[in-house]
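By convention in this document, chain letters (A, B, ...) are assigned in the order of the sequence lines, proteins followed by strands, and residues within each chain are numbered from 1.
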Amino acid sequence: MIVLRRLFTGLVVLWAAATAAYLALIAAPGSTVDSIVGDGADTPLIRAQIIHEWGLDRPAIVQYLDYLWRAAQGDLGRSYLLQRPVRDVIADQIGPTLSLAVAAAALGVVLALVLAVTTRQPWARRVSSTAELVLVSTPPFLIGIVLLSVFSFRLGWFPVSGGDGLASLVLPAVTLALPVAGVLTQVLRDGIDRALDEPFAVTARARGLEERAVLVRHALRHALLPVVTLVGWLFGVLLGGAVIIETVFGRPGLGQVTLAAVNSADMPVVLAVVVFSAFVYVVINTLADLAYLVIDPRLRPATASAAVASSPSSGSAVASSPSSGSAAGSSPSSGSAAGSSPPSGSALRSSPSSGA
Amino acid sequence: MRRRSLLIAVVATALAAGCSGSGGTDSAAAGEPVSGGSLTWGIETEPITLNPHQYAQAKARLLVWNNFEALLTHDDKGGYVPWLAESYEVSPDGLTYTVELRDNVTFSDGVKLDAAAVKANVDQLLADGYAPQVAAVQLKNLKSVDVAGPLTVKYTLSAPDVLILDFLSSPQGAVVSPRSLKEAANLKAGGPDLAGTGPFILDRYTPGQELHYKRNPSYRDRPAYLDEVTYRFLKESSVRVGALTSGQVQVIEGVPATDQAQITGNPALTLSKGLNSGSAYSYYFNVGHAPFDDIRVRQAFRDAIDIDAVLKGVYRGTATRAWSVIGPTSPLYDKSLEGTYGNNPERANATLDAAGWTQRDADGFRVKNGKRLTVRLVQSAPFVRDRREILAQAVQAAVKQSAGIDLHVSVVDQGTATAALEKGEYEVFDNSRADTDAGAALNLLLASTGAINRLGISDKKVDDLLARGQASGDPATRAGIYRQLQQNVIIDQALIQPLYAPADQIAASAKVGGLGFEPTAGVPASAYNVWLSK
């Protein structure tokens with residue numbers, strides 16, 4: 001039942017995304033024929049041939065329905081610009097983008113965890129906060145060029161680009177991970193601060209636990225929930241950032257393909273990328289919902305199904321985040337109290353807004 | 001003349017036909033040609049398609065000629081010489097072109113080159129939906145193509161058209177294995193599936209990253225020097241330069257003016273430049289409505305600008321000024337136009353006063369009947385290169401300051417640009433074309449029926465000159481005809497503001513020899529003559 005409902009919501013999201021992209025492309029000035037003609041010779045005869053070849057003389061609604069029908073059967077069409085099946089175009093580019101996104105996300109999260117935990121001293125905190133702000137507000141383009149200049153052109157530690165092996169992944173992944181780490185660290189630190197003021201932290205200290213243990217074993221766990229809530233945002237950053245990273249580093253990937261497709265109104269490719277992005281978004285948010293259950297055991301027995309079903313697959317994960325449950329005031333790890341305390345809806349104490 | 005090298009001594013070597021016509025430039029450091037080695041070349045633009053018939057990007061020529069060849073090629077005087085052809089003959093009425101093919105040529109898939117293979121290529125080009133632009137423009141006067149013998153191809157035209165030779169030497173005229181035409185998985189996209197006759201074989205394509213060619217061991221003439229050559233797509237110019245200076249690539253093309261000092265200042269690197277043929281980068285005035293329907297306003301616009309100063313400011317002295325719509329390296333270029341107009345603010349102001357634009361508004365722009373002297377330039381972002389948006393701003397400042405003309409510049413997406421051009425919502429149209437025969441470019445730009453005639457002119461004299469220029473096979477006669485044409489559109493009618501001659505740059509490690517530019521086209525040549533000294 002839950003699975004079915006989830007599947008249905010997912011399909012609705014995919015359809016909505018495809019339709020929105022279709023409408024946007026239709027609303028854009030100029031026509032598809034203009035884009036295919038491009039910079040080349042432009043005569044009525046050429047136009048007629050192009051229109052005939054791609055069936056562009058059919059009403060927009062017919063083209064749209066035709067597209068949906070074929071997409072439902074797994075046929076994404078051919079790229080106007082590249083003259084290849086869209087499925088091939090995407091399949092060629094998905095690997096490099098995925099490895100970049102995964103590497104950057106992992107690096108960003110690890111970096112954020114380390115920074116948030118190790119910079120508790122007031123002075124370290126100030127230094128780190130400043131660095132985070134600088135990273136968040138520096139264009140990734142510039143970060144990439146600086147990293148390249150130092151570590152590739154000057155020191156020669158890493159190659160400038162390419163998809164060959166781990167070495168070529170390091171600089172692009174770091175470039176993309178730094179701003180991500182900047183935001184995540186601030187959110188994490190905020191969460192830890194609040195968690196350490198909670199009664200369970202006092203209890204833990206009273207039991208004689210060292211401050212470091214309180215931090216790592218109890219507070220960090222609480223602070224992680226808002227970070228999980230941010231994965232949707234994280235995915236957006238990674239995909240958007242990929243466009244720039246791929247340009248700077250000369251890497252293959254979806255970003256470049258998408259940019260070129262949007263520039264030339266290459267409808268089949270744009271639609272495929274949008275639908276694909278929506279699909280990944282749905283999957284990631286579902287995984288995030290499951291992650292809440294892992295991190296916060298209180299959500300598991302009674303409320304698990306409700307949590308999964310109610311969490312929407314679109315962007316507003318923050319509002320509906322079951323992390324509000326953590327406001328109950330007791331540590332998930334502090335025994336029986338957790339199970340009995342009802343999730344109080346009082347405050348979104350772990351709201352990540354402070355970091356974003 | 002058409003090759004300029006800043007650091008490299010130019011050694012034009014007479015090469016066997018089949019070398020994509022490239023003369024070589026080589027550096028003293030690279031020494032004598034040696035065989036072997038792998039070269040990596042950082043290029044700016046990833047080709048949209050690897051099928052030569054679909055070629056539309058000048059930046060793709062250096063790739064095309066690695067694995068494909070055409071029937072003819074250019075010599076460095078702008079003439080045509082046989083390549084895959086043994087010889088060619090034109091009938092006295094200019095309607096029949098008979099080409100004899102070489103008989104020792106094999107495609108890399110083992111198929112032999114013969115007249116039937118050439119005909120199969122032309123048939124494919126004319127096939128519905130395959131290459132509408134080639135069919136409608138380059139082959140519009142082709143009546144039929146016939147196999148007149150095992151190695152003899154006969155082209156019959158419906159009207160005399162010397163530009164058919166340009167087609168036979170262009171990438172669109174390159175000969176693809178007839179087996180590939182039938183069997184390639186994605187024919188229009190091209191790729192390793194498509195077999196050609198060239199000195200290299202494309203064996204790997206990673207979209208977004210690189211193209212890899214290996215030497216064709218059974219090439220009929222001297223095999224290429226390099227074992228393999230990899231073209232890496234590096235879109236950012238600073239990254240290309242950094243990759244070269246750090247030795248990660250041995251050659252790059254597309255070196256912006258701001259980075260050239262970094263290359264010339266390094267003794268381990270070389271920089272060379274080739275001026276493109278075809279039409280110069282120019283502003284075309286839309287004479288379809290006010291204010292450019294008045295020749296005085298057009299003259300004043302040109303007189304208001306000191307082009308040399310503008311180019312110096314934007315390109316730091318690396319750009320070559322254009323005086324005509326035809327590029328200075330073309331054999332059709334009329335040199336007598338140099339210095340005949342422009343940079344005369346007094347005259348610009350006097351002309352505008354005479355044309356009735358006597359008032360000025362609060363911002364200092366000229367006004368007539370309550371209307372400001374505004375002209376709009378709409379640039380399509382995907383085609384803006386060479387910092388042309390900055391150049392436009394410099395021109396904007398110049399015409400404002402010297403004559404009170406309001407040049408309104410907007411850089412927009414392609415759809416918006418096309419819409420504006422179709423509705424006539426512009427007064428200035430900017431364009432340059434890299435056609436090897438400037439006549440081909442002018443047909444598109446200036447003819448009444450021209451596909452990109454954005455001037456909105458329909459001028460009998462211009463049409464007549466263009467037709468005669470396309471029909472005449474004698475180089476001297478042709479040059480005379482195009483001289484008259486240039487005098488007409490530049491001096492008599494002031495229809496165009498030529499700005500600069502687009503150029504290609506190659507920067508390389510001094511260990512690389514044999515780099516050069518294609519004669520006539522002026523774009524980087526293929527890797528056939530390139531070697532890497534040990």
Side-chain angles (χ1 to χ4, degrees), chain A residues 28-35 37-50 52-54 78-79 81-85 88-89 92-93 96 141 144-145 148-149 152-156 159-164 246-257 260 262-265, chain B residues 42 46 48-49 51 54 56-57 128-130 132-138 140 185-191 205-210 232-236 238-243 245-249 380-383 412-422 431 433 444 449-452:
Chain A
S31 68
T32 309
V33 188
D34 292 337
S35 305
V37 168
D39 206 15
D42 181 358
T43 69
L45 179 72
I46 294 170
R47 284 183 169 259
Q49 287 206 22
I50 292 171
H52 170 73
E53 188 186 352
W54 296 103
R78 286 177 76 82
S79 160
L81 190 67
L82 302 170
Q83 305 277 6
R84 300 171 64 212
D88 291 2
V89 174
D92 270 348
Q93 306 288 316
F141 177 86
I145 295 275
L148 267 178
S149 302
S152 178
F153 303 155
R154 195 145 308 201
L155 299 174
V160 60
S161 81
D164 319 317
E246 286 161 18
T247 304
V248 172
F249 290 89
R251 266 181 74 80
L254 269 190
Q256 280 306 310
V257 168
V262 169
N263 260 331
S264 55
Chain B
E46 177 165 4
I48 294 169
T49 159
N51 177 333
Q54 308 283 331
Q57 299 156 288
D128 203 18
Y130 178 67
Q133 311 200 351
V134 180
V137 177
Q138 291 176 288
K140 71 172 177 200
N186 289 301
L187 177 58
K188 285 169 94 172
Y205 171 38
T206 314
Q209 185 182 330
E210 65 190 25
R232 286 264 279 278
F233 311 126
L234 300 175
K235 298 183 175 85
E236 261 307 303
S238 55
V239 172
R240 281 196 302 284
V241 172
T245 52
S246 62
Q248 300 183 54
V249 302
S380 172
F383 295 106
V412 296
D413 65 281
Q414 199 186 331
T416 307
T418 315
L421 291 171
E422 272 170 8
N431 182 272
R433 290 194 56 92
L444 294 170
T449 55
I452 46 174

For Leu81(A), is it the side chain, the backbone, both or neither that has a heavy atom under 4.5 Å from a heavy atom of chain B? both

Heavy atoms only, distances under 4.5 angstrom: which of Gly247(B), Gly190(B), Ala243(B) has the most pairs with chain A? Name it, please. Ala243(B)

Answer with side chain, backbone, both or neither: which region of Thr245(B) has an atom nearer than 4.5 Å to a non-hydrogen atom of chain A? neither

Report the residues that fulfil ring-ring contact (aromatic ring centres under 6.0 Å, His included) with Tyr130(B), sequence neighbours left out, ordered by chain and then residue number. His53(B)

Check each atom of Arg78(A) against the heavy atoms of chain B and say whether the ones under 4.5 Å are side chain, backbone, both or neither. side chain

If you apply the rule side chain to side chain contact (heavy atoms under 4.5 Å, CB included), what do you find for Gln248(B) with Ser152(A), and how did you get there? CA-CA 9 Å; Gln248(B) 300 183 54; Ser152(A) 178; 2.6 Å; yes

Rounded to the nearest 0.5 angstrom, the CZ-OG1 distance for Arg84(A) and Thr49(B) is 10.5 Å

Residue pair Ile452(B), Arg433(B): steps toward the side chain to side chain contact (heavy atoms under 4.5 Å, CB included) verdict: CA-CA 11 Å; Ile452(B) 46 174; Arg433(B) 290 194 56 92; 3.8 Å; yes

Could you look at Ile145(A) and say if it's the side chain, the backbone, both or neither that has a heavy atom under 4.5 Å from chain B? side chain

Do Phe249(A) and Leu234(B) touch side chain to side chain, with heavy atoms closer than 4.5 Å? no

